[in-house]
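Since the structure comes first, as structure tokens, the remarks are kept for the end.
We count ligands from 1, going down the list as the structure has it; atoms in each ligand are counted the same way. Residue indices begin at 1 and follow the sequence shown.
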Amino acid sequence: LHVDTRWGSATVLLWIMCLSPMCVSVVCLGTQNGLSSTGSQEKQYSLLKDRYDGCEIIMGNLEITQIESNWDFSFLGVKTIREVTGYVLIAMNHFEELPLGQLRVIRGNNLYERQFALSVFFNYPKYGSNGLRHLVLTNLTEILEGGVQIISNKYLNTILDNPFFFLSFSYISLSLSHSLSGPCHPSCGDHCWGPNEDQCQTLTKTVCAPQCNGRCFGTSPRDCCHIECAAGCKGPLDVDCFACRHFNDSGSCVPQCPQTLIYNKQTFQMETNPNAKYQYGSICVSQCPTHFVVDGSSCVSACPRDKTEVERGGQKQCEPCSGLCPKVCEGTGAEHRQTVDSSNIDSFINCTTIQGSLHFLVTGILGDDFKNIPPLDAKKLEVFRTVREITGLYILNIQSWPKELSDLSVFSGLTTIQGRSLFKRFSLIVMRIPTLTSLGLRSLREISDGSVYISQNPNLCYHHTVRWAQLFRGTRARLCINTPAGAL
Ligand SMILES: *[C@@H]1O[C@H](CO)[C@@H](O)[C@H](O)[C@H]1NC(C)=O
Ligand SMILES: *[C@@H]1O[C@H](CO)[C@@H](O)[C@H](O)[C@H]1NC(C)=O
Ligand SMILES: *[C@@H]1O[C@H](CO)[C@@H](O)[C@H](O)[C@H]1NC(C)=O
């Protein structure tokens with residue numbers, strides 16, 4: 001199986017061995033931009049071209065919006081698209097024709113505005129007389145979920161009546177504009193997608209015998225499609241379908257992909273299935289494509305919230321987290337983020353690891369009028385309770401602290417400060433905090449490298465009872481505790 005996954009303009013080719021030569025599908029990832037446009041016309045057109053040229057299955061949504069020139073979409077390759085798993089959105093374009101003649105099924109796993117599997121609207125300019133004239137969806141015979149809206153397309157003149165009436169989708173929300181009129185080719189009867197002979201609408205629902213569940217390849221009761229077919233078929237078997245209702249397993253339409261565990265009736269046990277496959281959109285694959293992660297029996301682009309990505313036997317997998325899932329967050333110290341302050345404190349929610357330093361400076365704690373940053377609410381510092389580790393190149397540097405707080409116990413979960421390439425070799429600095437009476441870093445087990453500098457905190461006690469030497473792993477670690485004697 002050859003799966004071609006496109007990420008933006010970067011094309012990732014992935015070959016999966018497959019015995020049957022028939023077993024080749026080009027899969028592309030769709031988009032989720034709605035009506036927002038991305039850059040210039042040329043850029044947008046070439047993004048579409050990069051993404052969909054030669055594509056057969058769109059995993060996600062096909063969105064073509066705000067293309068103002070009459071670009072040639074046949075050259076774009078849209079012609080080959082057979083299946084869209086999300087929705088199709090064609091809006092605010094000025095081109096004349098969109099050839100989607102091979103499109104057989106829109107699954108509607110994602111709906112535009114939570115309602116529509118197919119939306120075609122405002123495809124004409126304010127001035128001028130160009131605009132969408134032909135919407136060629138000759139082979140579209142199935143929308144599995146969602147409705148259809150085709151509204152305000154001034155020049156779309158070749159859709160007759162209500163061609164969607166015969167599609168088997170759950171509901172319809174269709175308002176065709178007044179100017180939709182024009183005769184079908186005589187050989188088509190009354191239902192067509194355009195005026196030509198090859199634009200007749202295939203009516204799979206109306207001609208079937210009642211036994212057929214609406215999909216057949218002839219009128220007799222023996223001409224029903226297999227129950228796993230969508231969009232019609234050319235014969236009665238699960239390999240004869242035009243599209244699959246559920247999954248395509250090397251050409252056969254099946255209700256589910258071969259499972260990882262199968263029941264052995266002789267031993268009364270579940271056994272691992274050597275031929276298991278993962279579901280990847282609507283196809284079964286024996287390996288998830290690069291960039292996808294295995295979650296149970298599916299290929300997913302990212303693990304769900306309560307799971308974390310781990311590598312097992314060369315395959316990335318999602319596994320449940322024990323407790324809070326690891327979350328790595330950017331620290332402070334960069335030009336745009338010099339200190340923890342009220343504008344960035346929320347970026348530390350649920351973080352377990354801080355990559356980089358954490359600086360607490362007076363401009364963060366008391367606010368910075370110059371940058372229009374208000375003071376930091378002491379309660380907000382509670383977000384740091386989830387932090388277990390500070391890694392990367394820097395330090396925990398506390399040079400200012402809210403006066404309501406008498407300790408650093410918001411860091412009571414912190415176990416490790418890695419501090420590798422260090423600011424003056426210090427990886428923990430706590431200085432000039434008059435309200436500090438104790439440190440409260442009760443989980444701290446390790447300071448991997450670098451020294452500790454705790455100074456000029458006139459009311460700090462207890463720090464002498466900490467066995468600092470046990471925390472140090474570095475060979476040159478020093479402890480500089482230089483609190484004025486009078487305060488002890
Ligand atoms: C199933 O997939 C194969 C190869 O991936 C493809 O050739 C075939 O047309 C697909 N069948 C259906 C019904 O989508
Ligand atoms: C509809 O599908 C058939 C069979 O795949 C194909 O021969 C025909 O060209 C398609 N129609 C259009 C307009 O693309
Ligand atoms: C933080 O984690 C909790 C529990 O997992 C979750 O409910 C919450 O939405 C998360 N918040 C953010 C901002 O990630």
Side-chain angles (χ1 to χ4, degrees), residues 1-5 13-28 54-59 79-85 102-107 109 139-144 202 204 215-217 225-258 277-289 299 302-308 318-330 344-354 380 382-388 413:
L1 173 62
H2 161 210
V3 178
D4 181 351
T5 306
L13 279 177
L14 176 99
W15 292 89
I16 298 174
M17 291 313 292
C18 176
L19 299 177
S20 150
M22 208 194 83
C23 172
V24 172
S25 282
V26 182
V27 178
C28 320
C55 182
E56 290 172 275
I57 298 179
I58 296 182
M59 207 71 95
K79 251 185 178 150
T80 57
I81 294 171
R82 203 170 67 209
E83 191 176 314
V84 174
T85 67
Q102 297 286 339
L103 183 64
R104 293 191 176 279
V105 54
I106 302 174
R107 294 187 179 275
N109 292 344
N139 278 320
L140 180 65
T141 48
E142 185 112 21
I143 292 179
L144 289 166
T202 317
T204 55
R215 295 175 198 89
C216 58
F217 56 98
C225 294
H226 190 274
I227 186 80
E228 283 302 320
C229 292
C233 60
K234 56 178 190 288
L237 304 177
D238 63 358
V239 294
D240 296 328
C241 305
F242 289 150
C244 297
R245 264 187 93 67
H246 298 105
F247 299 102
N248 179 346
D249 182 15
S250 315
S252 309
C253 293
V254 294
Q256 58 180 9
C257 296
K277 288 189 183 172
Y278 303 107
Q279 58 191 58
Y280 171 53
S282 58
I283 50 186
C284 303
V285 293
S286 41
Q287 255 175 21
C288 291
C299 304
C303 293
R305 254 196 190 180
D306 56 338
K307 292 187 181 175
T308 182
C318 301
E319 289 195 352
C321 308
S322 52
L324 206 61
C325 284
K327 181 175 171 192
V328 179
C329 303
E330 182 199 354
N344 61 33
I345 186 80
D346 289 339
S347 70
F348 296 102
I349 293 173
N350 290 347
C351 301
T352 58
T353 298
I354 305 292
K380 288 256 183 174
E382 290 291 316
V383 297
F384 291 108
R385 287 205 184 268
T386 57
V387 173
R388 292 197 275 265

>> Looking at Cys241 and Cys225, is the distance between their SG atoms under 2.5 Å?
In response: no
> Under a strict 4.0 Å criterion on non-hydrogen atoms, which protein residues are in contact with ligand 3?
Replying inline: Arg305, Ile349, Asn350
>> Within the 4.5 Å heavy-atom criterion, are Ser252 and Glu228 side-chain neighbours or not?
In response: no
>> Between Glu56 and Arg82, does any side-chain N to carboxylate O distance fall below 4.0 Å?
In response: yes
> For the Cys pair Cys216 and Cys233, is the SG-SG distance shorter than 2.5 Å?
Replying inline: no
> Are any non-hydrogen side-chain atoms of Arg104 and Phe242 less than 4.5 angstrom apart?
Replying inline: yes
> Any N/O of Asn248 closer than 3.5 Å to an N/O of ligand 1?
Replying inline: yes
> Do the cysteine sulfurs of Cys229 and Cys244 sit under 2.5 angstrom from one another?
Replying inline: no
> If you count the atoms of ligand 1 from 1 in the order shown, which ones are under 4.0 Å from a heavy atom of Ala243?
Replying inline: 13 (C)
> Should the pair Glu142-Arg107 be classified as a salt bridge under the 4.0 Å nitrogen-to-oxygen rule?
Replying inline: no
